[in-house]
Amino acid sequence: MYRAPVEDIAFTLKHVAGLKPALDAGTFGDLGEDLVDAVLGEAGRFATDEVAPLYKIGDEQGAVLKDAAVTTPPGWKELYRRWIDGGWNALSGPLEYGGQALPTMLGVAALEMWNSAAMAFGIGPTLTMGAVEALDKHASQELKAKYLEKLVSGEWMGTMNLTEPQAGSDLNALRARAEPVGDGTYRIFGQKIFITYGEHDFTDNIIHLVLARLPDAPAGTRGISLFLVPKFLVGDDGSLGARNDVFCSGLEHKLGIHASPTCTMIYGDGFGGAKPGAIGWLIGEENKGLACMFTMMNNARLAVGMQGVAVAEAATQKAIACANERRQGKAASYAGAGMAPIVHHPDVQRNLLTMKALTQTARAISYCCAHAMDLARVSAGDEATHWRDRANLLTPLAKAFSTDVGVEVASLGLQVHGGMGFIEETGAAAFYRDARIAPIYEGTNGIQAIDLVIRKLPLGGGEHVYGYIVELAAVANAVRTSNLEGFGRTADALDEALAELTHATRFLQKMSADGRSDEALAGATPYLRLISLAAGAAYLAQGALADQGRIALCRFFAENLLGEARALKDRIIDGAESLAAAGKMLISA
């Protein structure tokens, strides 16, 4: 069973992502290492002892819909109550509404543990936290006063309603409509699909954030507004009133995360005899809802990245345990009697070390992204701009690379288990099933790669990414001059990968500047992996410089996995023409 790796999480936060220097500098006020360690320790205990034991029943029984009401698996409702009683939903919430206002870094570290223990559980509160941020930044004072305190505490949960049957990633096709009533409210009509925790029994009210169009809205994404639509209307005194005209008409039968209800939501259909039209309130300005929603989505993208890290960690733990218990064949490194535990076989070791190294690189990238978000929030002027650009650069890496790693590592875990990995009773297959959704939602990983190349490489006049590469190169130089034993070719391999990254970056920036966007986009996905592998290698090296016990894994990554950088660079620069030529074969007349 999963055990939260609190020591490794704390080390990565402090010595790789930058939390310790920030604490020493007083960046977060009187927050100190003692409180950080206490929060992480208790989060680890709760994830290990409270959440993880309910994972299997959640996977096997799932959520159930009957008469427009969803029942979660046995014990899950009570688990959620214990979770909010522990104050976990309020960890990074605003102080004025009952939150603890702790750094995002601590919030995502705890999020990793919830999702490792049970991704279907951890995904629900993620959206509530995003809703809190969106309301805090964009809603009126009246809406904040009525809804934020209970959302921050977790007494109510929030959702994000974007997708429609004809409008997935392309929100230009969105059709849900909002009709102004004249009293400050709107009537919402339409259907939303794939709504995570759109209906459930955890809380007595659910606050939906819904994208819809006003009658006179311009076409495309410039004509989308954001509305708050509660399941139950809320009185001025905070009490619950009548049921709103919104209901769940169906649950998706999914590959994984079975305990997480993925709902089809109907707005404005006259549910229960109500007057047609779900009552909603505008968040922010008319026709500028997408900017408000992106506040929530950016939060969610990092959170989804943490799901990738989380599943990878859980799958790695299970595979290592299996490899130490299962016996097959003979191995030169095994001196015992009978068959050797398979952990002694070099190919199994390669798989396990690949799992462990990829998990740690994805964790480091995601925590560094959270650190940049924190520093952007507490800084001012040029420094705030620098850290905002850094967070923007790292967000697509944290989301896409980490979720790709979740799938890759879960798949390797099945391989380590052999035939039994394909059998549900071992639990290894469940990780793979859960992990597979994360590269798809909150903007597919292909969209993240497009965002990286088209929107993030131009940051700082196109120079921010080069400053980042210089920082990574400084780590390689520190390895070279450290005189520590065991690094092997780490410094040389990292330098070579950074040279390939620099070459690819210049090429993509030139293609975009020359108006050759198709050639730039053809290399977007391999570029995202290239920059992630190079950054991850540097972060592993940084950790190894701080703790020599980590040198061996760092060297393994540099000498076994980082060579992929050259092939990725070649795909970026030379692959566009062949992609376009062969792609024509796929297009129907």
Side-chain angles (χ1 to χ4, degrees), residues 168-172 220-222 290 294 297-298 301 304-305 365 369 372 385 388-405 439-440 442-473 496-538 562-587:
S169 299
D170 186 358
L171 294 176
N172 286 291
T221 56
R222 295 182 300 108
L290 203 57
F294 264 106
M297 285 187 70
N298 281 333
R301 283 172 175 171
V304 170
I365 289 170
C369 181
T385 300
R388 190 160 48 247
D389 286 351
R390 180 58 52 83
N392 286 333
L393 176 68
L394 292 181
T395 294
L397 277 62
K399 193 280 176 180
F401 179 71
S402 297
T403 55
D404 283 344
V405 162
I440 297 172
E442 302 308 338
T444 66
N445 286 358
I447 289 174
Q448 301 303 314
I450 292 170
D451 176 61
L452 173 63
V453 168
I454 300 301
R455 297 188 180 90
K456 304 307 169 57
L457 290 189
L459 290 170
E463 290 301 313
H464 185 86
V465 66
Y466 294 112
Y468 181 57
I469 293 171
V470 168
E471 293 174 27
L472 301 178
E496 290 165 8
L498 292 173
E500 307 289 10
L501 174 61
T502 301
H503 190 177
T505 303
R506 288 175 178 153
F507 172 82
L508 291 176
Q509 288 182 331
K510 185 177 188 305
M511 292 300 100
S512 295
D514 291 348
R516 297 161 66 180
S517 59
D518 280 357
E519 292 177 62
L521 294 180
T525 290
Y527 180 80
L528 190 148
R529 185 167 177 89
L530 170 56
I531 190 174
S532 298
L533 288 174
L562 197 52
E564 185 183 348
R566 174 65 181 271
L568 290 166
K569 185 265 295 181
D570 289 344
R571 286 174 60 192
I572 294 162
I573 294 176
D574 300 325
E577 185 177 347
S578 61
L579 174 62
K584 294 176 182 178
M585 298 188 303
L586 307 175
I587 300 172

Applying the side chain to side chain contact (heavy atoms under 4.5 Å, CB included) criterion to I531, which one of I365, L472, L394, L452 satisfies it?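 It is L452, the one option of I365, L472, L394, L452 that forms the side chain to side chain contact (heavy atoms under 4.5 Å, CB included) with I531.
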Quick check: closest heavy atoms across [X] and [Y], and the distance to 0.1 Å?
{"X": "L562", "Y": "A537", "result": "CD2-CB, 3.7 Å"}
{"X": "A534", "Y": "L501", "result": "CB-CD2, 4.2 Å"}
{"X": "A372", "Y": "A391", "result": "CB-N, 3.6 Å"}

Would you check if the side chain of R301 reaches a backbone N or O of P396 as a donor-acceptor pair within less than 3.5 Å?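 The answer is no, because no donor-acceptor pair under 3.5 Å joins these two groups.
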Residues 455-467, side-chain donor-acceptor partners within the protein, below 3.5 Å, at least two apart:
from: K456; atom 1: NZ; to: N392; atom 2: O; distance (Å): 3.1
from: K456; atom 1: NZ; to: D451; atom 2: OD2; distance (Å): 2.6
from: H464; atom 1: NE2; to: R390; atom 2: N; distance (Å): 3.4
from: H464; atom 1: NE2; to: R390; atom 2: NE; distance (Å): 3.0
from: Y466; atom 1: OH; to: Q509; atom 2: OE1; distance (Å): 2.7

Under 3.5 Å, sequence neighbours excluded: what are the donor-acceptor pairs made by side chains of residues 523-530?
from: Y527; atom 1: OH; to: T505; atom 2: OG1; distance (Å): 2.7
from: R529; atom 1: NE; to: E564; atom 2: OE1; distance (Å): 3.4
from: R529; atom 1: NE; to: E564; atom 2: OE2; distance (Å): 2.8

Do the non-hydrogen side-chain atoms of D389 and T385 ever get within less than 4.5 Å of each other?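 Yes; the side chains approach each other to less than 4.5 Å.
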List for me each residue that meets side-chain hydrogen bond (donor to acceptor under 3.5 Å, both in side chains) alongside N445, sequence neighbours excluded, and say none if there are none.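 Per chain and number, N445 pairs via side-chain hydrogen bond (donor to acceptor under 3.5 Å, both in side chains) with K399, T403, D404.
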Show me the side-chain donor-acceptor pairs of residues 566-581 shorter than 3.5 Å, one per line, residues at least two apart or across chains.
from: S578; atom 1: OG; to: G575; atom 2: O; distance (Å): 3.1

Excluding sequence neighbours, so at least two apart, what forms salt bridge (Lys or Arg N to Asp or Glu O under 4.0 Å) with R516?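 So R516 forms a salt bridge (Lys or Arg N to Asp or Glu O under 4.0 Å) with E519.
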The criterion is side chain to side chain contact (heavy atoms under 4.5 Å, CB included); which residues satisfy it with S517, sequence neighbours excluded?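 Partners of S517 under the side chain to side chain contact (heavy atoms under 4.5 Å, CB included) test: none.
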